[in-house]
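The next block holds one structure in the form of structure tokens; read it before the comments.
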Amino acid sequence: MPSDKKLIIKEENCPKNHRCPAVNICPVGALSQQGFGVPAVDYGKCIKCGKCSGFCPKKALVLDAGN
Ligand code: SF4
């Protein structure tokens with residue numbers, strides 16, 4: 001089903017000092033992380049399920065509903 005939602009990475013919310021718990025939660029492997037950096041999303045893979053956003057305690061991964 002098409003969706004206007006988009007996963008937004010809020011870099012400023014990420015303390016960049018730990019392994020991102022959301023990376024292994026993504027069912028389609030759309031998230032990746034270099035070291036302890038801000039995770040990156042592969043928008044070609046992301047199905048906008050929102051699972052990762054629930055796993056980020058800092059709210060750095062936000063599934064935006066659009067305007
Ligand atoms: S919204 Fe779902 S598919 Fe997209 S990156 Fe997050 S967990 Fe993966």
Side-chain angles (χ1 to χ4, degrees):
M1 191 191 343
S3 166
D4 292 337
K5 291 180 187 171
K6 185 174 186 190
L7 185 69
I8 312 279
I9 312 275
K10 300 212 173 212
E11 250 191 90
E12 66 276 20
N13 288 356
C14 178
K16 308 172 189 76
N17 62 5
H18 60 278
R19 280 257 174 248
C20 175
V23 170
N24 292 327
I25 293 306
C26 179
V28 296
L31 286 173
S32 59
Q33 185 186 31
Q34 298 275 333
F36 286 169
V38 182
V41 57
D42 181 338
Y43 288 107
K45 288 185 182 171
C46 179
I47 55 171
K48 303 160 187 167
C49 66
K51 281 191 180 146
C52 55
S53 55
F55 267 84
C56 177
K58 301 289 187 183
K59 303 215 183 323
L61 298 166
V62 177
L63 193 62
D64 192 276
N67 295 317

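For clarity, every value in this text was computed on a predicted model and none was experimentally measured. We use all heavy atoms of the structure for the numbers below, so side chains are in, but hydrogens, waters and symmetry mates are not.
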Donor-acceptor list for residues 15-29 side chains, cut-off 3.5 Å, not counting sequence neighbours:
unit_1 : atom_1 : unit_2 : atom_2 : d
K16    : NZ     : E11    : O      : 3.2
K16    : NZ     : C14    : O      : 3.2
R19    : NH1    : G35    : O      : 3.3

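Surrounding CD of Q34 are at most 12 heavy atoms belonging to other residues, nucleotides or ligands under 6.0 Å away.
Cluster annotation: F55 is not connected to L31 through the hydrophobic network of ILVMFWY side chains, with a link wherever side-chain heavy atoms come within less than 4.5 Å.
Considering all non-hydrogen atoms of both residues, K59 and N13 come closest at O-ND2, 2.9 Å.
With sequence neighbours excluded, the residues forming a side-chain contact (heavy atoms from CB on, under 4.5 Å) with C56 are K58, A60, L61, listed by chain and number.
Residue K10 holds its NZ atom at 11.0 Å from CG of L7, rounded to the nearest 0.5 Å.
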